[in-house]
Visitor: 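This is the structure I have questions about; it appears just below.
Here is the naming used below: chain letters follow the sequence lines, and residue numbers restart at 1 for every chain. Computed from a predicted structure; not experimentally measured.
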Amino acid sequence: MLDEGDTTRISEPPSHYLRENWWFTTQPIEEPDDPEHLALAFDALGMVDRIMFSSDYPHWDFDAPSQTLPRSISKEDKEKIFAGNACRLYDLPRR
Amino acid sequence: MTVATQVVDVDVHVAPQTVEPLLAHMEPYWADYVANAELRLSPTMNGLYPPVAFLAGEEEGTVQPVPSTLDELRAGLGDDRTAVLNCLTPFDSSHNVYYEAALCSGVNDWLRTEFLERDPRLRGSLLVPTLDPDAAVAEIERLGSHPGFVQVLLPIRTEAPWGNKRFHRLHDAAVKHGLVLGLHAWGRVGNAPTTSGFTTSYLEDYTTNSQIVAQAHVTSLVSEGCFERAPELRVAMLECGFTWLPFLLWRFDKDWKGVWREVPWVKERPSAYVLRSMRLSTAPAALPADPAVLARIPDLMPVADLLMYASDHPHRHGGTVEPLLEVLGDDARQAILSGNASTLYGL
């Protein structure tokens with residue numbers, strides 16, 4: 001059984017910690033038949049601020065930036081994923 | 001949920017309270033073995049889950065034990081639905097392969113005589129030893145043609161994924177007798193509930209065991225070409241959830257496109273095999289809280305083709321499939337409540 005000290009370690013639903021404390025990289029990006037489904041997944045996760053582009057170069061399954069995110073992802077979200085989120089996390093200069 | 005008529009419930013649990021009623025169906029040697037070793041049947045499969053957590057009733061004092069008799073089953077289930085009975089008792093019985101095989105046979109004969117031959121609405125899953133594929137095949141040969149058995153029940157916490165070549169003769173035996181392979185959550189407590197080791201908390205175990213480990217069996221069965229070598233093989237994922245499936249298949253199809261040369265026996269996209277040959281039970285249903293996202297689930301996966309209603313009686317995990325059923329049309333709802341199971345199990 002968890003005692004009081006244990007239970008207070010988790011005061012929010014698990015998804016809260018993932019959305020606040022976790023970052024994910026895109027490669028290898030999922031490619032549903034209908035690109036709208038990827039947009040739906042992003043929306044449902046509510047984590048578009050935590051997703052960062054990665055190419056995984058030079059591995060065979062690397063993702064080229066020009067082909068990674070389908071048109072179903074909004075321009076605003078693409079900007080976050082391609083640059084903004086990583087700049088914030090790693091404190092990188094914005095060009 | 002309130003269950004209407006024409007429901008097939010594909011995951012109802014029964015279990016003997018003690019080993020005694022099983023011994024009547026086992027060789028006399030095992031009565032001596034059980035007595036000398038003071039072996040007991042564990043109601044929680046040797047601590048796989050805490051018996052009063054999650055599985056507890058919605059209110060204090062309403063915990064229902066797993067039915068051990070037909071009367072208890074009828075009293076607890078509350079109606080006379082067609083049901084597939086799953087007894088998990090042997091999932092973590094022993095590493096003595098001979099005892100495991102004998103216990104499975106004992107459970108199967110107990111299921112047959114106490115339930116299946118007493119109520120024509122009931123069907124059962126055949127328990128087979130997980131450590132000895134030859135003994136598993138022998139048990140399928142012994143009872144697989146009994147009309148009460150429609151499925152071979154396999155745990156997901158195992159030493160090897162079920163698509164592994166060592167199990168192909170088990171697949172063949174199931175196909176020969178028209179039995180589905182039913183992969184059910186849980187298994188051996190000695191096999192990690194995650195793909196990267198053991199957990200500290202039941203929360204981690206519970207969240208990962210059924211939905212993460214289950215995915216390894218899906219990829220195994222497809223990648224090992226099991227549905228090419230045995231096109232009639234049918235697999236039911238029981239108590240493993242289902243909303244994870246579309247995301248696995250996106251990735252599975254993509255990766256196959258990249259490395260298909262490694263598995264030339266996989267001739268179609270992995271999702272094609274899954275959609276054709278696998279079905280999933282509805283309990284527990286991990287559904288999104290946002291109704292707008294919930295309403296899109298049928299876009300992501302053909303739920304009307306894939307899902308089979310299950311109560312998981314007497315367990316209660318919280319979260320029913322009802323919100324999903326409510327956004328579906330009548331035909332889709334009926335397919336999930338009875339049609340898909342009737343087709344899969346030949347009811």
Side-chain angles (χ1 to χ4, degrees), chain A residues 1-19 21-22 24-48 50-51 53-64 67-74 77 81, chain B residues 47 49-54 56 194 199-208 211-212 215 243-262 268-272 274-275 286-303 318-319 324:
Chain A
M1 292 289 287
L2 296 172
D3 63 24
E4 192 178 337
D6 292 319
T7 54
T8 53
R9 287 177 203 159
I10 302 175
S11 54
E12 302 283 346
S15 57
H16 169 87
Y17 299 101
L18 278 155
R19 290 186 175 123
N21 298 74
W22 230 275
F24 291 88
T25 58
T26 55
Q27 192 278 337
I29 191 77
E30 277 76 4
E31 294 176 11
D33 290 343
D34 182 348
E36 290 294 336
H37 291 171
L38 189 67
L40 172 64
F42 283 10
D43 286 346
L45 283 170
M47 291 185 67
V48 81
R50 296 287 185 274
I51 300 171
F53 170 74
S54 62
S55 68
D56 196 35
Y57 177 85
H59 296 147
W60 67 267
D61 56 344
F62 79 93
D63 286 347
Q67 296 171 20
T68 295
L69 294 176
R71 288 179 189 159
S72 59
I73 307 299
S74 72
D77 286 349
I81 293 167
Chain B
Y49 60 84
V52 295
F54 278 101
T194 80
T199 63
T200 301
S201 66
Y202 176 60
L203 173 60
E204 300 162 75
D205 179 327
Y206 185 78
T207 305
T208 51
Q211 33 181 358
I212 306 297
Q215 297 187 30
T243 41
W244 45 264
L245 184 68
F247 313 106
L248 172 70
L249 296 183
W250 293 353
R251 180 71 187 275
F252 202 5
D253 281 352
K254 175 180 176 173
D255 291 348
W256 171 76
K257 226 165 32 174
V259 294
W260 64 268
R261 287 178 184 80
E262 185 198 18
E268 297 179 73
R269 302 202 317 169
S271 60
V274 172
L275 299 180
L287 299 176
D290 182 347
V293 178
L294 174 76
R296 297 291 304 277
I297 289 179
D299 295 338
L300 295 175
M301 60 188 293
V303 291
L324 178 61

Visitor: What's the separation between atom CG in B:Asp255 and atom CD in A:Glu30, rounded to the nearest 0.5 Å?
Guide: 8.5 Å

Visitor: Pick from A:Ala41, A:Ala44, A:Pro28: which one has the most heavy-atom pairs with chain B under 4.5 Å?
Guide: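 Between A:Ala41, A:Ala44, A:Pro28, the count favours A:Pro28.
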
Visitor: Take atom CH2 in A:Trp60; do more than 12 heavy atoms of anything else shown fall under 6.0 Å from it?
Guide: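 Result for CH2/A:Trp60: enclosed.
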
Visitor: Would B:Lys257 and A:Asp33 satisfy salt bridge (Lys or Arg N to Asp or Glu O under 4.0 Å), going step by step from the backbone distance to the final call?
Guide: CA-CA 13 Å; B:Lys257 226 165 32 174; A:Asp33 290 343; over 6 Å; no

Visitor: Say you draw a straight line from CH2 of B:Trp250 to CG of A:Asp34; how long is it, rounded to the nearest 0.5 Å?
Guide: 9.0 Å

Visitor: Check each atom of B:Asp290 against the heavy atoms of chain A and say whether the ones under 4.5 Å are side chain, backbone, both or neither.
Guide: neither

Visitor: Would you check if A:Leu40 and B:Leu300 make a side-chain contact, meaning some heavy-atom pair closer than 4.5 Å?
Guide: yes

Visitor: For B:Lys254 and A:Pro32, indicate whether the former's side chain and the latter's backbone hold a donor-acceptor pair under 3.5 Å.
Guide: no

Visitor: Looking only at heavy atoms, which two atoms of A:His37 and B:Asp299 are closest? And how far apart?
Guide: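 It is CE1-O, 3.1 Å.
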
Visitor: I'd like to know whether CD of A:Glu12 has more than 12 heavy-atom contacts from other residues, nucleotides or ligands below 6.0 angstrom.
Guide: yes

Visitor: Step through the shown structure and confirm whether more than 12 heavy atoms of other residues, nucleotides or ligands are within 6.0 Å of CZ on A:Phe24.
Guide: yes

